[in-house]
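All chains are named by letter (A, B, ...) in the order of the sequence lines, taking the proteins before the strands, and each is independently numbered beginning at 1.
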2 protein chains.
Amino acid sequence: MSEEVIPHELRLAIMRLARRLRAQKADDTISDSQMSVLAKLHHEGAHTIGQLSEGEKVTPPSMNRTVNSLETAGYVARGAAPDDGRKVVVTITAAGTEFVQQTQSRRDAWFVSRLEQLTPDQRTTLDAAASVIRELADS
Amino acid sequence: MSEEVIPHELRLAIMRLARRLRAQKADDTISDSQMSVLAKLHHEGAHTIGQLSEGEKVTPPSMNRTVNSLETAGYVARGAAPDDGRKVVVTITAAGTEFVQQTQSRRDAWFVSRLEQLTPDQRTTLDAAASVIRELADS
DNA sequence: TATTGTTATACTCTATAACTATA
DNA sequence: TATAGTTATAGAGTATAACAATA
């Protein structure tokens, strides 16, 4: 790992693989940023517009528009915050939850189908590296 | 690799790592798509508009606009094709080459700094998996 | 006629600035 | 006054449709 070439090519391969994984959605009616917000609401529960814009590193007007699109699609709902009349609480709907689950299934299926093309040795190598990749992602 | 859990978590880790890599934009003055075209010209030499649009999976008008931006920035130049008067050959300039090298170095820096946090054993494991990840990304 | 590149136009996602309602 | 959300407007990037030049 003393060479510069290996990190460079590994970085490109990881970004390219992630790009292909991201393309596997339940359908093409929803953008990447919309999908990201929907997944966040699914995993972490309700958020305000401000919390979402901060978490997704987007401006409040942009997040407002993203939430508008998801609301029109029926995947999220706006509600009043009990403690503060200025805040808007965004929650995921049943349809939104189902969409997230379908998308995750599809991405997993695509990834598994690719893994099945590898040799047993390659899968063993990748399996050993999985924990390292997790650590890199969380470091 | 017969379990579903491992592909699922590996997939999430790869997507999360890619998301963090993508966030390391430094102070770039050109977009991702422009950078991608510039890198292609740098590594693979001159291409026509049609070749670029096909390779980047974008429509010809979009690629035309991307090339316009790069040309205005002084990073590429248009030239006539000797064999076919309809074609336009796009080549990278010296300034474009330098920009690619500097930008890629900046983007690699973050990744290298993360790799340096790993143990030697972890780096060896990851190094062995790099070719498998490349194959996955290109499969 | 078919192909290559370009122009015209529109839609999406992002941003900044200004506005409304509430604290 | 300050904050949370929204609206107005503009700048990239992408797309389809139509056009010009060349094969």
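- Rounded to whole Å, the distance from CG on B:Asp83 to P on C:dT4 is 11 Å.
- Under the 3.5 Å distance criterion, with hydrogens and angles disregarded, a donor-acceptor pair is assigned to the side chains of A:Thr59 and A:Ser62.
- Checking the phosphate oxygens (OP1, OP2) of C:dT6, a side-chain nitrogen or oxygen of B:Asn64 falls inside 4.0 Å.
- Of the residues A:Gln117, A:Gln122, A:Arg114, the one that meets the side chain to side chain donor-acceptor pair (under 3.5 Å) test with B:Glu135 is A:Gln122.
- Listed pair A:Ser31 / C:dT12 fails the phosphate criterion, with no side-chain N or O lying under 4.0 Å from OP1 or OP2.
- Side-chain atoms of A:Arg86 lie closest to C:dA23 of the nucleotides C:dA2, D:dT14, C:dA23.
- At least one donor-acceptor pair under 3.5 Å links the side chain of A:His43 to the backbone N or O of A:Ala39.
- The phosphate of D:dG13 has neither OP1 nor OP2 within less than 4.0 Å of any side-chain N or O from B:Thr66.
- No side-chain donor from either of A:Ser36 and A:Ser33 sits under 3.5 Å from a side-chain acceptor of the other.
- When each of A:Arg65 and A:Arg78 is assigned the nucleotide of DNA chain D with its nearest heavy atom, A:Arg78 is the one assigned upstream, toward the 5' end.
- B:Arg78 places no side-chain N or O within donor-acceptor distance of the main-chain N or O of B:Val88, the cut-off being under 3.5 Å.
- For the segment residues 46-63 of chain B, residues with any heavy atom less than 4.0 angstrom from an atom of DNA chain C are, sorted by number, B:Thr48, B:Ile49, B:Gly50, B:Pro60, B:Pro61.
- Residue A:Gln34 has no polar side-chain atom (N or O) positioned under 4.0 Å from OP1 or OP2 of C:dT12.
- Spacing between atom CG of A:Asn68 and atom P of D:dA8 amounts to 12 Å, rounded to whole angstrom units.
- In this structure, B:Gln101 contributes its side chain and B:Glu98 its backbone to no donor-acceptor pair below 3.5 Å.
- Per the geometry, CG belonging to B:Asp32 stands 13 Å off P belonging to C:dT14, to the nearest Å.
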